[in-house]
Amino acid sequence: MLEEIAPALLEKHKPKEKKLPPLPHAEPGKVVTRLPPEPSGYMHIGHAMSGILNYMYAKMYDGKLWLRFEDTNPRKVKPEYYENFRAGYRWFGIEWDYEKCNSEDLELYYEYASELIRKGFAYVCSCSKEEMSKGRFTMVECVHRQQPVEINLSLWKEMLSGMLEEGSVVLRLKGDMTNKNTVMRDPTLFRIIDYPHPVVGDKYRVWPTYDIAAAIEDAICGITHVLRSSEFALRDELQNYIRSLLGLQSPVFVEYSRFEFKGTPLAKREIRQLIGQGVVSRWDDPRLATVDGIRRRGLLPEAIREFTVSQTGLTYTKRVYAWELLYAINRRILDPVAKRYFFVPNPVLIEVEGAPAFHVELPYHPSEPLGKRLVYTGNKFYIPRKDVHGLKEGSMLRLKHLFNIKVKEFTDYMVKATFVCKEVVEGIPIVQWVTEDHVNVEVLVPDILYLDDGQLNPDSLKTVYGVGERACREIKHGERVQFERFGFCIRDDVNALRFIFIHT
RNA sequence: GCUCCGGUAGUAUAGUCCGGUCAAGUAUACGGGCCUCUCGAGCCCGGGACCCGGGUUCAAAUCCCGGCCGGAGCACCA
């Protein structure tokens with residue numbers, strides 16, 4: 001639509017697209033990437049940025065994208081999170097070609113498991129957790145490792161048939177107990193978990209661990225490139241090894257360090273704790289970087305996409321992003337489309353002697369054709385207290401788009417002035433104003449939760465009260481506007497005129 | 001503690017693989033100016049960095065060694 005009527009306009013506001021660096025060993029049309037969320041918590045900006053990278057690369061190479069829920073721990077996954085991730089990815093404009101849950105493939109994992117056992121690559125181990133951990137630490141093999149295949153096979157059958165209790169045994173890979181990479185030291189492949197699963201119920205009780213499930217899934221989904229954060233780097237060797245034993249193809253790995261934002265927790269545990277302590281209200285608190293939080297916060301999905309492409313590098317270096325970098329992009333996208341309104345924080349009444357009544361048309365935007373609204377004025381106005389502080393007796397002030405006044409006398413709560421003239425006079429302060437026909441407006445101003453010293457920010461959420469022009473009532477819930485000389489804000493409530501401050 | 005990995009301006013990055021064109025590019029933040037009936041946007045200008053120490057070399061941000069600092073992993077989590 002916009003492309004047709006005003007291509008030049010679109011071009012003007014189109015952010016300069018910075019290209020993603022090329023993907024190693026990528027062939028156009030053949031790239032397959034994946035979104036691998038664990039549905040055990042709410043989606044946050046880190047998942048989103050990772051998802052954006054996978055999506056952008058699939059698109060860049062005309063490839064395909066999988067959404068694959070890594071839900072092989074029934075004790076951790078919860079039904080509501082599946083949809084939270086789907087909705088979150090959609091909000092960012094991430095489109096996937098295929099979708100599945102790892103929990104649907106248990107039978108398949110079992111087949112691969114028995115293949116590993118038959119070939120002597122895996123064994124059932126009944127060591128306690130402590131023994132196992134000690135053995136791996138000291139690099140010594142346990143007695144079960146030498147069990148004959150037949151015994152492993154029958155124990156495996158017992159595991160599957162429900163004869164063995166949760167925690168009693170585990171299927172382990174015969175890895176390399178002396179490998180420097182500790183994950184190679186006979187890791188657990190399958191364990192028993194007696195707990196109903198949100199997708200498959202209580203049909204299964206033997207569940208694969210992450211490495212075996214991911215190793216198999218990445219191969220059978222035909223994933224060519226795994227883009228993931230660096231905490232998985234040590235798993236590459238293991239997963240490739242498992243695949244080599246099974247005759248499966250391995251993908252190319254591209255790893256990068258986690259995405260963190262200054263003063264903002266992302267870990268589930270930490271956020272849960274903050275909610276528990278009442279520091280933040282809920283998972284969609286605007287101070288949180290959950291997808292629901294940043295959406296309420298007024299940040300645009302396009303801004304986060306652009307940010308991911310332009311400010312992100314595929315590096316291992318630890319980085320903590322400053323929110324300002326994201327705000328700058330968000331502001332650039334928002335500026336040409338956000339309507340301007342007058343909002344007066346901490347209002348002070350001002351009476352203008354001799355002010356003629358006007359009806360003025362105020363433009364919704366200084367340069368873009370976003371329309372106008374009509375305002376009737378009398379001789380009473382509200383202006384920000386902050387601007388009153390700069391006044392002296394006799395100083396001139398311009399009520400924006402209206403007329404100039406001269407201050408006669410003033411206190412912190414009241415200003416008396418006289419009408420001067422309508423014409424613009426150079427060099428006098430210009431302020432936004434609201435007439436007696438106003439509405440009460442409340443703006444929530446979120447800030448980072450943690451200060452640089454790691455302490456909780458006592459001012460992480462402030463509320464600014466003020467008055468807005470009547471037209472504020474037409475702002476829709478979720479609409480982003482700019483309150484002139486105050487900042488960009490998003491309406492946060494269907495009924496109340498409550499807004500959330502986005503950025504200046 | 002052990003094992004990996006990394007360290008470019010305030011912040012985030014480009015460049016590092018295949019040493020020279022990097023007296024280091026970009027974005028953001030900052031300072032100055034222009035423009036604007038917003039302290040927003042836009043435009044112009046400016047200051048600002050290769051962790052430290054050795055080595056190799058005609059030449060090192062790039063290669064080697066040591067140190068320091070940071071991150072990740074060391075689960076029957078993913």
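All chains are named by letter (A, B, ...) in the order of the sequence lines, taking the proteins before the strands, and each is independently numbered beginning at 1.
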In whole angstrom, give the distance that lies between atom CG of Asp387(A) and atom P of U38(B).
-> 13 Å
Of Phe343(A), Tyr382(A), Tyr341(A), Phe342(A), which meets ring-ring contact (aromatic ring centres under 6.0 Å, His included) against Trp433(A)?
-> Phe342(A)
Which whole number of Å gives the distance between the P atom of A72(B) and that of G25(B)?
-> 32 Å
For each nucleotide in nucleotides 67-76 of chain B, reading 5' to 3', give B when a protein heavy atom comes within less than 4.0 Å of its base, S when such contact involves only the sugar-phosphate, and - otherwise.
-> ----SSSSSB
C1' spacing across the pair A14(B) / C2(B), given as an integer number of angstrom | 35 Å
Nearest-Å distance for atom pair OH/C1', residues Tyr256(A) and C4(B) = 19 Å
Regarding the side chain of Leu325(A), the nearest nucleotide among C77(B), U8(B), U11(B) is U11(B)
Please measure how far the C1' atom in A24(B) lies from the corresponding atom in A60(B), and state the result in whole Å.
-> 13 Å
Rounded to whole angstrom, note down the C1' distance from G71(B) over to G54(B).
-> 26 Å
Quote, to the nearest angstrom, the P distance that separates C4(B) from C43(B).
-> 49 Å
In whole angstroms, the gap separating C1' of U26(B) from CD of Glu306(A) amounts to 13 Å
Just need the stems in RNA chain B: three or more back-to-back Watson-Crick or G-U pairs, each with both distances under 3.5 angstrom, sorted by first number.
-> B:1-7 with B:68-74, B:10-13 with B:25-28, B:30-34 with B:42-46, B:51-55 with B:63-67
Give one of base, sugar-phosphate or nothing for Asn404(A), where a contact means two heavy atoms less than 4.0 Å apart.
-> nothing
Are Asp176(A) and Tyr241(A) close enough that a side-chain donor and a side-chain acceptor fall under 3.5 Å?
-> no
Assess whether atom CD of Glu83(A) is packed by more than 12 heavy atoms of other residues, nucleotides or ligands within 6.0 Å.
-> yes
Hey, is Glu217(A) close enough to Arg34(A) for a salt bridge, meaning N to O under 4.0 Å?
-> no
In whole angstrom, give the distance that lies between atom CE of Met396(A) and atom P of C37(B).
-> 17 Å
If each of Arg319(A) and Asp71(A) is mapped to the nucleotide of RNA chain B with the nearest heavy atom, which maps nearer the 5' terminus, i.e. the 5' end?
-> Arg319(A)
Any side-chain N or O of Tyr341(A) under 4.0 Å from OP1/OP2 of U38(B)?
-> no
Out of C37(B), A12(B), U28(B), which nucleotide sits closest to the side chain of Ala328(A)?
-> U28(B)
Not counting sequence neighbours, which residues clear side chain to side chain donor-acceptor pair (under 3.5 Å) with Tyr110(A)? List them please.
-> none
Asp447(A) and Lys462(A): salt bridge (Lys or Arg N to Asp or Glu O under 4.0 Å), yes or no, with the steps?
-> CA-CA 8 Å; Asp447(A) 197 356; Lys462(A) 288 189 271 198; over 6 Å; no
Given A12(B), G7(B), G40(B), which nucleotide is nearest the side-chain atoms of Gln482(A)?
-> G40(B)
Counting any heavy atom closer than 4.0 Å, what does Val431(A) reach on the DNA or RNA strands: base, sugar-phosphate only, or nothing?
-> nothing
Geometric cation-pi criterion Lys262(A) and Trp323(A), 6.0 Å radius, 45° cone = no
Taking the nucleotide of RNA chain B with the closest heavy atom to each, which residue, Thr317(A) or Ile193(A), is nearer the 5' end?
-> Thr317(A)
Under a 4.0 Å heavy-atom cut-off, which of residues 213-220 of chain A touch RNA chain B?
-> none
Side chain Arg136(A), main chain Arg185(A), donor-acceptor under 3.5 Å = yes
Measure from the side chain of Arg398(A), starting at C-beta and using heavy atoms only, and say which of A12(B), C37(B), A78(B) lies closest.
-> C37(B)
Under 3.5 Å, is there a donor-acceptor pair between the Asn240(A) and Ser250(A) side chains?
-> yes
With the criterion being N/O to N/O and under 3.5 Å, what pairs connect the protein with nucleotides 41-44 of chain B, and how long is each?
from   : atom 1 : to        : atom 2 : distance (Å)
A41(B) : O4'    : Asp335(A) : OD1    : 3.2
A41(B) : O2'    : Asp335(A) : OD2    : 3.3

C1' atom, U11(B) versus U3(B): distance in rounded Å?
-> 31 Å
How far, in whole Å, is U8(B) from C52(B) if one measures between their P atoms?
-> 11 Å
So Phe190(A) and Tyr109(A), ring-ring contact (aromatic ring centres under 6.0 Å, His included) or not? Walk me through it.
-> CA-CA 9 Å; Phe190(A) 286 85; Tyr109(A) 303 148; 7.0 Å; no
Expressed in angstrom and rounded to an integer, what is the separation of Ile329(A) atom CD1 from U28(B) atom P?
-> 9 Å
Taken to the nearest whole Å, NZ/Lys134(A) to P/G1(B) is 22 Å
Atom C1', compared across U28(B) and A9(B): separation rounded to whole Å | 12 Å
Looking only at side chains, do Thr504(A) and Tyr327(A) share a donor and an acceptor under 3.5 Å apart?
-> no
Between atom CE in Met49(A) and atom P in A12(B), what is the gap in whole Å?
-> 12 Å
Look at the side-chain N and O atoms of Thr72(A) and state whether any lies under 4.0 Å from the OP1 or OP2 oxygen of A78(B).
-> yes
Side-chain-base donor-acceptor pair under 3.5 Å for Glu324(A) and U11(B) | no
Could you list the residues that satisfy ring pair (Phe, Tyr, Trp, His ring centres under 6.0 Å) with Phe358(A), not counting sequence neighbours?
-> Phe403(A)
Please examine the side chains of Val441(A) and Phe499(A), heavy atoms only from C-beta on, and report whether any two atoms are closer than 4.5 Å.
-> yes
After noting the C-alpha distance and the side-chain angles of Asp335(A) and Arg340(A), does the key distance pass the salt bridge (Lys or Arg N to Asp or Glu O under 4.0 Å) rule?
-> CA-CA 10 Å; Asp335(A) 190 78; Arg340(A) 271 50 181 191; 2.8 Å; yes
Side chain proximity check, Asn179(A) to Glu237(A), heavy atoms < 4.5 angstrom | yes
Is there a donor-acceptor pair closer than 3.5 Å between any side-chain N or O of Thr209(A) and the backbone N or O of Thr188(A)?
-> yes
Can you tell me how far P of C77(B) sits from CG of Leu189(A), to the nearest Å?
-> 12 Å
